[in-house]
Undergrad: 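Got a structure for you, written out below as structure tokens; questions coming shortly.
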Amino acid sequence: MRVRFAPSPTGALHIGGARAALYNWLLAHQLNEQGSGTRGTFMLRIEDTDRERSTDANVAQILDALTWLGLQWDEGPISQVGNTPRHQEALAQLLADGHAYHSNATAEDVKNYKQTHGADRGFRGEPESSGAVRLHVPDDGHTGFEDLVRGEVSFPNAAMDDPVIARADGSVLYNFAVAVDDLDAKITHVVRGEDHISNTPKQLLVFEALGATPPQYAHLPLLHGPDGKKLSKRHGAASVQELRDAGYLPEAVNNYIALLGTGFAPDEEFFTLQEMAERFRLDRVSRSPAVFDEQKLRHLNGMHLRALELDELTERLEQFTGRSGLHDAVAISREKIQTLADFWPLAGFLFDGPADDPAAFARTIGSDAGREALADARAALAEVQAFTPAAVEQALRAVVERRGLKPGQVFQPVRVAIAGTTVSPGIFESVALLGRDRTLELIDRALAR
RNA sequence: GCCCCCAUGGUCUAGCGGUUAGGACGCCUCCCUUUCACGGAGGAGAUCGCCGGUUCGAGCCCGGCUGGGGGUACCA
């Protein structure tokens, strides 16, 4: 099995593109049916025949995103324009065989033709000695294929226009280049977005004209935003780098976008890349578009976050925040965060001091009762010998007991004194981590306000 | 307009002729409890888009309709 992911570098790697890449990767990483112990090949090809919009910066971004996701390609990346000689050769062959012809017909001409012949009559040009190159489409019959996720898909030839496969200047167009490249690369399965489904018959016709056997095709449903429209920038994070910047883990992104279009088990949703590769089946892929739901991504991200080894999580968090020495703080925060971005707002006070939240202060320490509880807590903590979470807990609970309060009436003032806000990791763990001196200093400062 | 694809709770899915239509996210209640989370126990929420047909029996098969989406470029 040889598959490929062939993005056009006209922008960052979109989530939909990432899913296409992932599904191809999963396919290539499945062991061959014959039990030979070998797997397929995942090729990366950059579809850069659109010189206007393709940029090197976009290519770099796409490679970066795929690398981050861990979707390593086995071959490539190859540039489509790099295949120009071969494209020209194939083009000359079709021209010589009479499968294609030169035509000066413009888009306007095509429109007019349909005006007079009916919208269901495709445009057929007259061969000329110069101009763009169009492929001959049969007048009758259908061009169809067995889509691996949808089943039989068929297009009436009569409704198809003779597609332009090369510009007047000789440069080839997408539908022609793709077919030639897939043929040359011996691609066996083309797995791509549904927006390509109507391109397939054109490519099939190119294979036919070349006398070659086409690969098998599978078209994935598109991803939509919450409004049911095609997913785009206006729906928030739509590119892989935006997800990375938002603190999502590649493991979770892969897991989530894979789930968005297929199920791997009736009642399980947490999977690693390897597990997904083992279970993935093209014929199990959904045929209907899915809505991207960041809430669920967050949930899955939390699960993957907690599944990481502490050292590994720490490393990623240090990379994400640009800070170091986070290990102990991560240990007491990990079960309270869902994304890497959640960490600093929760535990940053352990390093940079309390946050400024006047409302939280007023609510917990602003009252006489709050100040008294805090003062008592301070006194109790000052007496603690070994400053461990357990010892801190014992001391603080003793205060609760002595004053006949509810736990929160003591813990919250302490929390706000050290963290500045009412949300933090466990209070005993936080206090212990800060140490006695620092804790007492912060409490004193709060008491002095 | 024309061509193509799709249709299970708000969202993602399981279901593959006979189920109390299962799970997950989200939402609500409760437990745990020191905040937030995590974990645990419950709950609300679906006439399986609609109408016909096939069948003893249809979410599952067939047809039509409606709705949504994609394409319709000398873009990819």
Side-chain angles (χ1 to χ4, degrees), chain A residues 6-10 47-54 80 103-107 110-111 114-115 118-122 131-134 144 147 150 153-156 158-161 163-169 171-175 177-178 193-201 219 221-222 224 226 228-230 256 259-270 284 286-300 302-303 306 333-338 342 346 360 364 393 396-397 400 406-412 414-416 419 421-428 430:
Chain A
S8 61
T10 54
E47 309 260 304
D48 49 5
T49 47
D50 183 346
R51 315 284 187 53
E52 306 276 295
R53 302 189 297 159
S54 300
Q80 193 156 54
S103 166
N104 283 299
T106 62
V110 175
K111 225 177 181 177
K114 295 206 185 191
Q115 208 82 257
D120 53 344
R121 299 298 304 175
V133 179
R134 284 183 186 271
D147 191 287
R150 286 154 211 285
V153 177
S154 178
F155 297 78
M160 235 183 289
D161 297 324
V164 173
I165 56 177
R167 300 182 177 93
D169 67 6
S171 59
V172 300
L173 259 26
Y174 173 74
N175 281 125
V178 172
E194 191 194 332
D195 48 340
H196 282 290
I197 203 163
S198 55
N199 284 326
T200 307
H219 293 277
L222 264 21
H224 287 180
K229 299 268 173 58
K230 193 170 161 182
Y256 178 65
L259 242 26
L260 216 45
T262 191
F264 295 101
D267 54 6
E268 230 184 314
E269 297 200 318
F270 182 99
R284 302 274 312 159
S286 164
R287 276 140 310 186
S288 53
V291 174
F292 182 82
D293 177 20
E294 196 168 342
Q295 293 262 46
K296 185 146 188 183
L297 206 210
R298 279 188 66 83
H299 174 259
L300 227 31
M303 293 183 71
R306 272 167 252 119
S333 305
R334 66 185 312 187
E335 69 175 19
K336 297 175 183 297
I337 60 176
Q338 288 188 300
D342 290 343
L346 181 78
T364 55
E393 175 167 9
L396 291 179
R397 285 200 189 282
V400 171
K406 289 187 169 180
Q409 291 176 295
V410 173
F411 301 159
Q412 282 303 76
V414 174
R415 188 187 308 282
V416 172
T421 72
T422 55
V423 178
S424 81
I427 189 65
F428 314 129
S430 296

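To find a chain, count down the sequence lines: A is the first, B the second, and so on, and within it residues start at 1.
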Undergrad: Mapping A:I427 and A:A105 to their closest nucleotides on RNA chain B, which lands nearer the 5' end?
TA: A:I427
Undergrad: Between A:E269 and A:K296, is there a salt bridge with N-O shorter than 4.0 Å?
TA: yes
Undergrad: If only side-chain N and O atoms of A:R287 are considered, is one of them under 4.0 Å from the OP1 or OP2 phosphate oxygen of B:U8?
TA: no
Undergrad: For A:S286, which contact category applies under a 4.0 Å heavy-atom criterion: base, sugar-phosphate, or nothing?
TA: sugar-phosphate
Undergrad: Whole Å only: how far is the CD atom of A:E294 from the P atom of B:G10?
TA: 22 Å
Undergrad: Report which part of the nucleic acid A:T49 touches: base, sugar-phosphate, or nothing (heavy-atom distance under 4.0 Å, all strands).
TA: sugar-phosphate
Undergrad: Measure the distance from CD on A:E335 to C1' on B:U33 and round it to the nearest whole Å.
TA: 12 Å
Undergrad: When you get a sec, tell me which of B:C2, B:U34, B:A76 is the closest nucleotide to the side chain of A:D120?
TA: B:C2
Undergrad: Side chains of A:Q295 and A:R298: any donor to acceptor distance under 3.5 Å?
TA: no
Undergrad: Indicate, with a heavy-atom threshold strictly under 4.0 Å, whether A:V423 touches base, sugar-phosphate, or nothing.
TA: base
Undergrad: Just to be sure I understand the rule, does A:S154 reach a base, reach only the sugar-phosphate, or reach nothing, if contact means heavy atoms closer than 4.0 Å?
TA: sugar-phosphate
Undergrad: What integer distance in Å separates A:R298:CZ from B:A37:P?
TA: 10 Å
Undergrad: Under 4.0 Å between any heavy atoms, over every strand shown, what does A:F428 touch: base, sugar-phosphate, or nothing? Just pick one.
TA: base
Undergrad: Between the base of B:U35 and the side chain of A:K336, is there any donor-acceptor pair under 3.5 Å?
TA: yes
Undergrad: Report yes or no: do A:R415 and A:S424 form a side-chain donor-acceptor pair below 3.5 Å?
TA: yes
Undergrad: Would you confirm whether A:Q409, through its side chain, and A:K406, through its main-chain N or O, come within 3.5 Å as a donor-acceptor pair?
TA: yes
Undergrad: Can you check the A:H299 NE2 to B:U11 C1' distance for me, whole Å?
TA: 14 Å
Undergrad: With a 4.5 Å cut-off on side-chain heavy atoms, are A:E393 and A:F411 touching?
TA: no
Undergrad: Under 4.0 Å, counting only non-hydrogen atoms across every strand here, what does A:G261 touch: a base, just sugar-phosphate, or nothing?
TA: sugar-phosphate
Undergrad: Less than 4.5 Å apart, side chain to side chain, heavy atoms only: is that true for A:D48 and A:T10?
TA: no
Undergrad: Considering Watson-Crick and G-U wobble pairs with both distances under 3.5 Å, what does B:A21 pair with?
TA: none
Undergrad: Which residue lies toward the 5' end of RNA chain B, A:M303 or A:R121, if each is placed at its nearest nucleotide?
TA: A:R121
Undergrad: Is the shortest side-chain heavy-atom distance between A:S333 and A:P425 below 4.5 Å?
TA: yes
Undergrad: With respect to the side chain of A:A159, which nucleotide from B:U35, B:G1, B:C3 is positioned closest?
TA: B:C3
Undergrad: Would you mind reading off the distance between A:D342 atom CG and B:C38 atom P, rounded to a whole angstrom?
TA: 11 Å
Undergrad: What is the distance, to the nearest angstrom, from the CG atom on A:D50 to the P atom on B:C75?
TA: 7 Å
Undergrad: Given B:A37, is OP1 or OP2 found less than 4.0 Å from the side-chain N or O atoms of A:R306?
TA: no
Undergrad: Any salt bridge linking A:D50 with A:R53? Criterion: basic side-chain nitrogen under 4.0 Å from a carboxylate oxygen.
TA: yes
Undergrad: Taking the P atom in each of B:G10 and B:U66, what is the distance between them to the nearest angstrom?
TA: 23 Å
Undergrad: Can you find a side chain N or O atom of A:R334 that sits less than 4.0 Å from OP1 or OP2 on B:C38?
TA: no
Undergrad: Going by purine N1 to pyrimidine N3 plus the second Watson-Crick contact, or the G-U wobble pair, all under 3.5 Å, which nucleotide sits opposite B:C48?
TA: none
Undergrad: Is there a donor-acceptor contact under 3.5 Å from the side chain of A:S54 to the main chain of A:R51?
TA: no
Undergrad: So A:T10, base contact, sugar-phosphate only, or nothing? Heavy-atom distance under 4.0 Å.
TA: nothing
Undergrad: Nearest-Å distance, CZ (A:R415) to P (B:U34)?
TA: 10 Å
Undergrad: May I ask you to say what A:P156 touches in the nucleic acid, namely base, sugar-phosphate or nothing, with a heavy-atom cut-off under 4.0 Å?
TA: sugar-phosphate
Undergrad: Searching all strands shown, indicate the nucleotide that pairs with B:C30 (Watson-Crick or G-U wobble; both distances under 3.5 Å).
TA: B:G40
Undergrad: OP1 or OP2 of B:U34 less than 4.0 angstrom from a side-chain nitrogen or oxygen of A:R397, does that happen here?
TA: yes
Undergrad: Can you tell me the base-pairing partner of B:A7? Count Watson-Crick or G-U wobble geometry only, both distances below 3.5 Å, and say none if there is no partner.
TA: B:U66
Undergrad: Expressed in whole Å, how much space separates the C1' atoms belonging to B:C3 and B:A14?
TA: 33 Å
Undergrad: List every contact pair, protein side and nucleotides 21-23 of chain B side both N or O, where the distance is under 3.5 Å.
TA:
| unit_1 | atom_1 | unit_2 | atom_2 | d |
| --- | --- | --- | --- | --- |
| B:G22 | N2 | A:P266 | O | 3.4 |
| B:G23 | N2 | A:E269 | OE2 | 3.2 |

Undergrad: Does the distance from a Lys or Arg side-chain N to an Asp or Glu carboxylate O, for A:D161 and A:K114, drop under 4.0 Å?
TA: yes
Undergrad: Rounded off to whole Å, could you give me the NZ-to-P distance for the A:K406 and B:U33 pair?
TA: 14 Å
Undergrad: So, A:Y174 and A:H196: side-chain donor and acceptor under 3.5 Å apart, yes or no?
TA: yes
Undergrad: Quick one: which of B:U35, B:A14, B:U11 gets closest to the side chain of A:V291?
TA: B:U11
Undergrad: Please list each protein N or O that sits under 3.5 Å from an N or O in nucleotides 66-73 of chain B, with the distance.
TA:
| unit_1 | atom_1 | unit_2 | atom_2 | d |
| --- | --- | --- | --- | --- |
| B:G71 | O2' | A:S198 | OG | 2.6 |

Undergrad: Please check if the side chain of A:D147 supplies one atom and the backbone of A:H219 the other of a donor-acceptor pair under 3.5 Å.
TA: yes
Undergrad: Need one value for A:A168: base, sugar-phosphate or nothing, where a base atom within 4.0 Å counts as base even if backbone is also close, heavy atoms only.
TA: base
Undergrad: Could you measure between the two P atoms, the one in B:A46 and the one in B:C50, and give it in whole Å?
TA: 13 Å
Undergrad: Under a 3.5 Å limit for both distances, which nucleotide forms a Watson-Crick or G-U wobble pair with B:C2, could you say?
TA: B:G71
Undergrad: Which base sits across from B:A76 as a Watson-Crick or G-U pair, both distances under 3.5 Å?
TA: none
